[in-house]
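Counting from 1, the numbers follow the sequence of the chain as shown.
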Amino acid sequence: MAEKFVLATHNPGKLREMREILGKLGIEVVGPKDLGIDAEVEETGTTFAENAMLKAKAVCRAAKLPAIADDSGLCVDALNGGPGVYSARYGGEGLDDKGRYMLLLNSLRGQSSRKAHFACAIACVFPNGKTLTAEGRCDGTIAFAPMGEGGFGYDPVFFVPEKAKTFAQLTDGEKNEISHRGKALTEFSEKLATYLKK
Ligand code: IMP
């Protein structure tokens with residue numbers, strides 16, 4: 001029987017992505033809803049890695065199953081690494097994705113550096129207390145205006161020089177190959193495969 005892991009997210013896109021990747025290792029990935037548990041955890045960490053670990057620990061405790069969580073965001077050099085762990089809340093509750101990236105473009109007016117990177121941390125916690133972690137990063141710049149229709153969040157303003165496109169102008173496959181989350185997931189599935197063989 002496939003080993004069951006719970007992914008600490010209500011995001012159907014993340015569940016689908018994780019199912020596809022971990023399915024290859026013979027792992028069944030379920031969401032908190034499938035188990036009738038609450039995955040809401042206050043993200044009080046100061047790093048992506050801390051927040052991912054907080055979420056994975058809480059969900060592992062509630063589900064009594066191995067739990068995986070991720071945390072990610074956009075770090076802009078001219079904003080001293082911000083919005084960082086506050087990416088989803090940048091500008092306050094009233095803003096949507098477009099409101100947040102327009103605020104970012106306004107905040108960078110007149111700045112000499114537009115360097116930025118996306119970062120993603122993944123944490124996995126087993127009921128025996130063992131933990132696995134992985135991180136991924138994608139470097140780029142903040143465009144001068146939004147471009148592209150794909151993706152979500154800050155994708156229309158995150159420009160990748162090697163591709164000469166924003167994340168929102170890439171296909172899902174192209175984005176996954178170079179994205180912070182794609183890299184973290186690849187590292188994580190390699191570490192998990194090694195752990196499960198032991
Ligand atoms: P979370 O890791 O799902 O909590 O995401 C945090 C926030 O970072 C999201 O709400 C987005 O604003 C931003 N973010 C993380 N990854 C991406 C991405 O791949 N593209 C665009 N925005 C992202």
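- Between the side chain of Y154 and the backbone N or O of L104, no donor-acceptor pair lies under 3.5 Å.
- Considering only heavy atoms from C-beta on, M53 comes within 4.5 Å of K57 through its side chain.
- Transitive grouping of hydrophobic side chains (ILVMFWY, heavy atoms separated by less than 4.5 Å) brings L132 and I122 into a common cluster.
- Contact between D70 and C120 at its shortest, heavy atoms only, is OD2-SG, 4.1 Å.
- Annotation for P161 and G140: closest pair CD-CA, 4.0 Å, computed over non-hydrogen atoms.
- Between the R19 side chain and the V29 main chain, a donor and an acceptor come within less than 3.5 Å of each other.
- Here the CD-CG distance, from E17 to N11, works out to 9.0 Å after rounding to the nearest 0.5 Å.
- Counting heavy atoms from C-beta on, the side chains of H117 and C75 come closer than 4.5 Å.
- Under the 4.5 Å side-chain contact rule for hydrophobic residues, I27 and L65 do not share a cluster.
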Show the numbers, then the answer: is there a side chain to side chain contact (heavy atoms under 4.5 Å, CB included) between L54 and D71?
-> CA-CA 10 Å; L54 276 175; D71 196 42; over 6 Å; no
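- No donor-acceptor pair under 3.5 Å is formed between the side chain of R100 and the backbone N or O of G91.
- Around the OH atom of Y195, the shell of radius 6.0 Å holds more than 12 heavy atoms that belong to other residues, nucleotides or ligands.
- Ring-centre distance between F167 and F152: not below the 6.0 Å cut-off.
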Would L196 and E3 satisfy side chain to side chain contact (heavy atoms under 4.5 Å, CB included), going step by step from the backbone distance to the final call?
-> CA-CA 10 Å; L196 293 175; E3 193 163 355; 3.8 Å; yes
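- Atom CZ of R181 is separated from atom NZ of K14 by 5.5 Å, given to the nearest 0.5 angstrom.
- Taking 4.0 Å as the cut-off between side-chain N and carboxylate O, K175 and D172 do not count as a salt-bridged pair.
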Test log, rule side chain to side chain contact (heavy atoms under 4.5 Å, CB included), inputs L22 and L7 | CA-CA 11 Å; L22 298 190; L7 182 67; over 6 Å; no
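- In this structure, the side chains of I142 and L74 come closer than 4.5 Å at one or more pairs of heavy atoms.
- Taking 4.5 Å as the limit, every side-chain heavy atom of F144 sits out of range of all side-chain heavy atoms of L108.
- A pairwise comparison of heavy atoms in A56 and A123 identifies CB-O, 3.7 Å as the closest pair.
- Looking at heavy atoms from C-beta onward, L103 lies in side-chain contact with S107 at the 4.5 angstrom threshold.
- If you take CD1 on I21 and OG1 on T186, they are separated by 6.5 Å, rounding to the nearest 0.5 Å.
- Here the shortest heavy-atom pairing between A184 and G136 reads CB-N, 3.6 Å.
- Interatomic distance, CE of M18 versus OG of S189, reported as 9.0 Å (0.5 Å rounding).
- Within a 6.0 Å sphere centred on CG of N128, other residues, nucleotides and ligands contribute more than 12 heavy atoms.
- Between F118 and H180, the two ring planes are parallel [angle under 30°; tilted spans 30° to 60°].
- For the pair D38/P32, no side-chain contact is recorded, criterion being any heavy-atom separation below 4.5 Å from C-beta on.
- Taking hydrophobic clusters as Ile, Leu, Val, Met, Phe, Trp and Tyr residues chained together by side-chain heavy-atom distances below 4.5 Å, I37 does not share a cluster with F126.
- Using a 4.5 Å heavy-atom cutoff, the side chains of T133 and E135 are not in contact.
- With contacts defined as side-chain heavy-atom distances shorter than 4.5 Å, the pair T166/F159 qualifies.
- Atom NZ of K163 and atom CG of L170 lie 6.5 Å apart (nearest 0.5 Å).
- Of all the heavy atoms in P156 and Y101, the pair that sits closest is CG-CE2, 3.6 Å.
- At a threshold of 4.5 Å between side-chain heavy atoms, the hydrophobic network of Ile, Leu, Val, Met, Phe, Trp and Tyr places F158 and M147 in two separate groups.
- With hydrogens and angles disregarded, a donor-acceptor distance shorter than 3.5 Å links the side chain of D34 to the backbone of G31.
- F48 and I178 are not part of a single hydrophobic cluster, where members link through side-chain heavy atoms under 4.5 Å apart.
- The neighbour count for E177 CD, taken as heavy atoms of other residues, nucleotides or ligands under 6.0 Å away, does not exceed 12.
- The environment of CZ in R89 is crowded: more than 12 heavy-atom neighbours from other residues, nucleotides or ligands sit within 6.0 Å.
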Would you please test Q169 and V160 for side chain to side chain contact (heavy atoms under 4.5 Å, CB included) and show each step?
-> CA-CA 10 Å; Q169 292 175 308; V160 187; over 6 Å; no
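- A salt bridge (Lys or Arg N to Asp or Glu O under 4.0 Å) with K55 is found for exactly one of E43, E42, E50, namely E43.
- Residues V157 and P146 share a closest heavy-atom pair of CG1-CA, 4.0 Å.
- With respect to E187 and K183, no salt bridge is recorded, no charged nitrogen being found less than 4.0 Å from a carboxylate O.
- With rounding to the nearest 0.5 Å, the separation of CG in L79 from OH in Y90 is 5.0 Å.
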